[in-house]
Amino acid sequence: MDALKIFGKTLTTSPERQEEADSDWTIVQQVQSGDVAAFDRLMVKYRERVYGVVYNMTSNREDASDLTQDAFIKAFQSINRFQGQSSFFTWLYRIAINSTLTHLRKNRLRTFFSFEKIDEEDRISADVIEALTDKNGADRGTYVHELQEKLNEAMQKLSIKHRTVVTLFEIDGLSHQEIANVMDCSVGTVRSRLHYAKTLLQSELQNYIKT
Amino acid sequence: MTHDDRKAGKVTLEDLIRLKKAERPPQEFWVKFERDLRAKQLAAIVEKRPWWYWVPPLMSKFSYLQVPLGATAVLAVTLLTVREYRSSADPTFSVQTISGQLVAQESSLNNGERMAQEDVGAELASTYDSFAGVSTPAVAAELAANTDDVSAAVGMALNGGDLSRAAQTISTPSSRAIQANLAAARASDGSIAEMIDGIHGFESRVMPENAHVEPLAQMQSPSQQRRTRILASALPAVSYGTESRGETRGVERVGRTLDDRLYDSISRMAVGGDRLTLKF
């Protein structure tokens with residue numbers, strides 16, 4: 001049953017997503033009719049998700065903050081051109097990812113990273129860290145920092161497009177179809193990129209994987 | 001991977017990647033974020049947009065016309081290129097063109113073909129007519145006069161006359177000026193007249209057509225080469241049909257010196273109407 005749910009999630013947009021898209025479209029129409037303050041509701045709703053995607057692509061807090069703000073500015077300036085052919089969050093994600101890709105291409109040689117702290121109140125991350133530190137018996141703080149660096153190093157070895165696909169699927173939880181809509185490619189391309197990225201990450205992080 | 005699996009110490013790749021999701025900024029970060037975003041929004045309202053800002057939306061409206069417009073542009077460029085090429089390929093009048101035509105006529109005679117003098121004259125006249133149509137009347141009259149000279153020259157060649165003499169009868173302004181200067185030089189100075197008469201080679205500028213010679217026939221056998229070398233060293237005065245290098249160089253040097261002196265003398269003289277000017 002779990003496997004079927006996951007398989008279904010990869011193919012189509014879920015009903016929750018559809019509901020979300022409909023409510024977003026209502027707010028967009030209000031903004032287009034002149035209620036500029038309604039845009040703030042959209043901004044508050046999506047800022048953490050957009051920031052998370054951009055941060056995981058750049059691995060730099062300051063750049064992620066600037067790029068997220070730029071994405072919202074561009075969306076605000078172009079809101080009248082949005083005709084509802086896709087969902088608002090797909091359109092917003094596309095603006096944010098294209099801006100980030102342009103930024104990464106321009107600053108290809110710059111390798112300055114700055115990480116956010118891992119929120120250990122998150123249950124999944126707390127379990128993972130506990131499992132890893134118990135086995136190694138290492139100092140928790142030092143180990144977590146080392147793990148972060150190793151994860152980032154492995155992600156940086158992926159190309160920009162592979163990193164984007166991994167971020168959107170594994171971290172943001174989008175379906176293959178939604179990722180294909182955001183990145184303007186086919187579902188098959190999304191699947192092949194994801195497979196390649198996971199193979200590479202598997203080899204890089206094999207010391208931390210315990211099955 | 002379930003909570004129990006993680007408790008048991010199992011960690012998958014997906015778990016590790018999801019650790020990155022737990023990398024979140026604190027709440028204070030979002031206060032600053034909102035403040036910065038407001039400032040950027042206000043700046044964006046005041047910002048002057050470039051003139052081309054509206055071009056992409058306009059172009060997206062007419063995106064269905066991309067293929068027809070592109071095809072039209074390609075067709076227009078092709079037509080313009082063809083037209084330019086045709087206009088630049090029109091023939092122009094020149095002495096070289098006439099000489100080339102005469103040589104071509106001589107080679108056609110050598111191949112056993114004969115053209116009537118009237119046909120050649122008519123052909124050349126039609127060439128001049130087409131050129132005269134775009135030139136001034138004075139130039140057209142000059143060209144008409146030259147047409148008669150060319151026809152006469154061709155007639156001489158066809159009737160067995162020397163092609164070089166035929167070429168000499170073509171009168172152009174430059175050739176007439178040179179002839180006048182030569183006549184004046186002859187009349188003024190006897191030594192220059194002897195020099196001019198002694199110079200040979202101007203009438204033989206038209207090179208005869210090379211007969212086809214087998215390459216192997218031009219090669220000398222080793223025994224012949226040896227004989228030539230021995231006899232050349234023993235009897236330097238005897239010539240075997242090939243001039244020595246030294247002799248050829250000497251003749252060339254004399255010719256050049258005479259040419260230089262002739263040109264110097266002509267440049268110092270000027271003939272105009274009833275006056276002869278000499279410069280020192």
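Keep in mind that what you see is a predicted model, and the values were worked out from it rather than measured. Numbered from 1 within each chain, the chains take letters A, B, ... in sequence-line order. Computation of the quantities below employed the complete heavy-atom set of this structure, encompassing side-chain atoms and omitting hydrogens, waters and symmetry-equivalent molecules.
Salt bridge annotation for Lys21(B)-Glu170(A): absent, with no cationic side-chain nitrogen under 4.0 angstrom from a carboxylate oxygen.
Defined by atom type and a distance below 3.5 Å, a donor-acceptor pair is missing between the side-chain atoms of Asn152(A) and Gln148(A). Side-chain N/O atoms of Thr58(A) and Asp63(A) include no donor and acceptor closer than 3.5 Å.
Interface residues of residues 35-54 of chain A toward chain B, defined by a heavy-atom distance below 4.5 Å and sorted by number: Phe39(A), Asp40(A), Met43(A), Arg47(A), Glu48(A), Tyr51(A).
Under the 3.5 Å distance criterion, the side-chain polar atoms of Glu23(B) are left unmatched by any main-chain donor or acceptor of Asn56(A).
The most heavy-atom pairs under 4.5 Å with chain B, out of Leu201(A), Thr167(A), Asp172(A), come from Leu201(A).
Looking at Lys150(A), there are no atoms closer than 4.5 Å to chain B (heavy atoms on both sides), in backbone or side chain.
More than 12 heavy atoms of other shown residues, nucleotides or ligands fall within 6.0 angstrom of atom CZ in Phe82(A). Heavy atoms from other residues, nucleotides or ligands lying under 6.0 Å from CD of Gln206(A) number more than 12.
In this structure the side chain of Met57(A) never reaches within 4.5 angstrom of the side chain of Met155(A), judged on heavy atoms.
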